[in-house]
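Accompanying notes for the structure given below.
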Amino acid sequence: MTRLPAAALPFLLIAAAAGCSGPPQQETPKPVKMEYKLSEVASSPRQWTGVAVGSRDRIFVTFPRWSKDVPVSLAELVKGQPVPYPNAAQNAWKPGGDAGTQFVCLQSALADDRGGLWVLDPANPSFEGIVEDGPKLVRFDLTLNRQVSVYRYVDPEVKPASYLNDFRLDLDHDVAYITDSGDGALIVTNLKNGANRRVLDDHPSTEAENVVITIDGKEWKPAGDKPPKVHADGIALSPDRKFLYYHALTGRTLYRVPTEALRDKTMSEEDLGAKVEKVAEIGPTDGMLFDPDGWLYFTALEENAIKRLDPDTGNVETVVQDPSIEWPDSLARDSKGHIYFTTSRIHLGSDETDPYRLFRIDSQPAGQ
């Protein structure tokens with residue numbers, strides 16, 4: 001298999017219209033042809049998943065505890081090297097340690113536009129079950145470099161097999177939206193008082209589909225003959241914050257639901273479920289991210305690619321594609337609009353020796 005060199009490589013947009021259905025077309029114009037350049041920013045011998053780009057374009061990555069030898073859970077990349085953040089002590093959890101204050105099994109990270117860095121701890125190391133007091137959403141102040149808030153998740157908000165996977169923030173409404181990929185559901189967190197609600201629990205939109213992910217001609221069956229079922233995973237908030245988009249990892253269908261309905265504590269599960277809309281068939285995906293123009297970028301696992309969807313028209317375009325994009329995982333944007341993504345190489349298991357990579361995508365209108 002060929003590998004990308006560390007130097008930047010040019011990639012042109014492949015305009016590939018996919019005839020998937022979506023909401024009615026709006027009048028907001030979107031660019032239809034862009035030019036992209038892909039470059040490798042950093043690599044790691046240890047498996048990472050989450051990436052966030054904070055103020056002054058500081059880059060943070062998360063290392064989930066999917067093995068017994070994870071020396072750091074949250075790190076800032078300094079000259080390409082991971083430095084424990086905010087300190088080594090908070091990253092030093094071991095079985096029997098303080099799950100309430102230390103990182104147990106960090107999965108995802110997100111930087112807000114108010115100088116904060118947020119990290120989500122499902123506290124389910126190696127998917128062996130939730131560690132008591134461990135599930136939490138933590139906010140750091142990047143100016144002070146210290147923890148300022150923590151939100152906790154207990155039964156019945158999480159179940160024994162829950163794995164809090166990814167999240168999005170709407171700070172204008174003081175709410176966080178979280179996917180549970182271990183036991184399909186969404187969790188809505190009130191950031192003012194810490195109250196949580198588990199919604200769309202076992203709803204068809206949050207449940208895995210009968211899909212076997214196939215990458216480079218090989219089916220992903222890590223446990224033998226039985227393919228895994230990973231439920232609601234990827235999540236994205238529309239730029240106007242009116243819709244939350246989400247997708248089961250082992251699935252092909254992208255859904256959305258009005259955020260106003262998610263915030264309505266009086267709405268029944270039946271009524272909320274009736275407001276869920278099927279947006280498009282986009283194939284198995286892990287991370288998703290909207291840009292300010294309304295394009296939804298998503299990781300195309302089976303195609304070693306990053307693609308983007310116009311939810312108004314259903315048009316899908318390939319952004320970058322290369323064999324080195326092995327299980328593209330999480331996406332983030334910096335202050336200049338560059339998109340970063342990790343490769344977690346989940347389908348290759350733990351015996352692989354090649355590094356896990358962090359890539360950046362630069363873009364500009366074609367011909368400029």
Side-chain angles (χ1 to χ4, degrees), residues 41-54 57-78 80-94 99 101-112 116-127 130-131 134-140 142 145 147 149-151 153 162-169 176 178-182 230 233-235 249 286-289 299 326-334 339-346 350 355-360:
V41 176
S43 64
S44 170
R46 298 189 178 274
Q47 189 175 40
W48 50 27
T49 52
V51 59
V53 185
D57 289 339
R58 297 167 65 184
I59 302 173
F60 300 86
V61 289
T62 62
F63 299 83
R65 197 175 299 276
W66 293 344
S67 64
K68 304 299 182 183
D69 58 344
V70 179
V72 60
S73 293
L74 174 63
E76 180 175 5
L77 293 183
V78 178
Q81 298 302 310
V83 177
Y85 187 87
N87 51 57
Q90 200 156 348
N91 284 271
W93 182 85
K94 300 294 182 184
T101 61
Q102 294 177 307
F103 303 136
V104 178
C105 177
L106 282 194
Q107 175 67 26
S108 51
L110 182 66
D112 64 33
L117 173 70
W118 302 68
V119 294
L120 183 62
D121 187 353
N124 190 339
S126 298
F127 308 99
I130 285 179
V131 175
K136 53 190 172 288
L137 177 66
V138 183
R139 182 182 186 270
F140 293 92
L142 288 178
N145 288 312
Q147 180 176 308
S149 304
V150 59
Y151 302 87
Y153 302 90
S162 286
Y163 194 91
L164 304 183
N165 195 298
D166 206 350
F167 67 103
R168 288 295 179 265
L169 303 168
I178 300 171
T179 53
D180 184 347
S181 63
V230 186
D233 188 311
I235 188 171
L249 190 144
D286 200 332
M288 302 193 300
L289 177 73
T299 64
E326 298 173 304
W327 198 292
D329 198 302
S330 298
L331 299 160
R333 294 179 76 253
D334 67 13
I339 293 177
Y340 293 72
F341 67 92
T342 54
T343 62
S344 57
R345 311 176 79 237
I346 291 172
S350 58
Y356 304 90
R357 303 170 191 274
L358 175 66
F359 289 113
R360 187 182 74 199

Taking [X] for its side chain and [Y] for its backbone only, find out whether a donor-acceptor pair lies under 3.5 Å.
X      : Y      : result
Thr179 : Ser181 : no
Arg357 : Thr343 : no
Ser108 : Leu120 : no
Lys136 : Ala123 : no
Arg58  : Leu142 : yes
Thr49  : Gln107 : yes
Ser149 : Arg139 : no
Asn91  : Ser73  : yes

Nearest-0.5 Å distance that lies between atom [atom1] in [X] and atom [atom2] in [Y]:
X      : Y      : atom1 : atom2 : answer
Gln47  : Tyr356 : CD    : OH    : 4.5 Å
Leu137 : Tyr153 : CG    : OH    : 4.5 Å
Ile178 : Leu169 : CD1   : CG    : 8.5 Å
Trp48  : Leu106 : CH2   : CG    : 15.0 Å

With the side chain counted from C-beta on, respond yes when [X] and [Y] share a heavy-atom pair under 4.5 Å apart, and no when they do not.
X      : Y      : result
Asp69  : Arg46  : yes
Asn124 : Cys105 : no
Val138 : Asp121 : no
Ile346 : Trp66  : yes
Ile59  : Leu358 : yes
Val72  : Phe103 : no
Pro125 : Val104 : yes
Ser330 : Thr342 : yes

- Query: Any idea how Trp118 and Tyr151 line up, ring-wise: parallel (<30°), tilted (30 to 60°), or perpendicular (>60°)?
  - Reply: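 Plane angle under 30°, so parallel.
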- Over 60° means perpendicular and under 30° means parallel, so classify the ring planes of Phe140 and Tyr85, tilted if in between.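 Taking Phe140 first and then Tyr85, their aromatic rings stand perpendicular (interplane angle over 60°).
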- Item | Under the side-chain contact (heavy atoms from CB on, under 4.5 Å) test, residues paired with Asn87 that sit two or more places apart |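 So Asn87 forms a side-chain contact (heavy atoms from CB on, under 4.5 Å) with Ala89, Gln90.
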Closest non-hydrogen atom pair between [X] and [Y], with its separation:
X      : Y      : result
Ala52  : Ala332 : CA-CB, 4.1 Å
Ser67  : Val70  : OG-CG2, 3.7 Å
Gly287 : Leu331 : O-CD1, 3.7 Å
Pro135 : Pro122 : CG-O, 3.8 Å

- Should Asp334 and Arg360 count as an ion pair when the cut-off is N to O under 4.0 Å?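 No, this pair does not count.
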- Task: For the pair Asp286 and Asp233, evaluate side chain to side chain contact (heavy atoms under 4.5 Å, CB included) and give the outcome as yes or no after the intermediate values.
- Result: CA-CA 6 Å; Asp286 200 332; Asp233 188 311; 3.1 Å; yes
- Message: For Asp180, give me all partners under salt bridge (Lys or Arg N to Asp or Glu O under 4.0 Å), at least two apart in sequence or on another chain.
- Response: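 Partners of Asp180 under the salt bridge (Lys or Arg N to Asp or Glu O under 4.0 Å) test: Arg198.
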- Task: Begin from the C-alpha positions of Thr62 and Phe60 and carry the test side chain to side chain contact (heavy atoms under 4.5 Å, CB included) through to its verdict.
- Result: CA-CA 7 Å; Thr62 62; Phe60 300 86; over 6 Å; no
- Query: Would Ser44 and Phe63 count as a side chain to side chain contact (heavy atoms under 4.5 Å, CB included) if you check the C-alpha gap in whole Å, the side-chain angles of each, and the deciding distance to 0.1 Å?
  - Reply: CA-CA 10 Å; Ser44 170; Phe63 299 83; 3.6 Å; yes
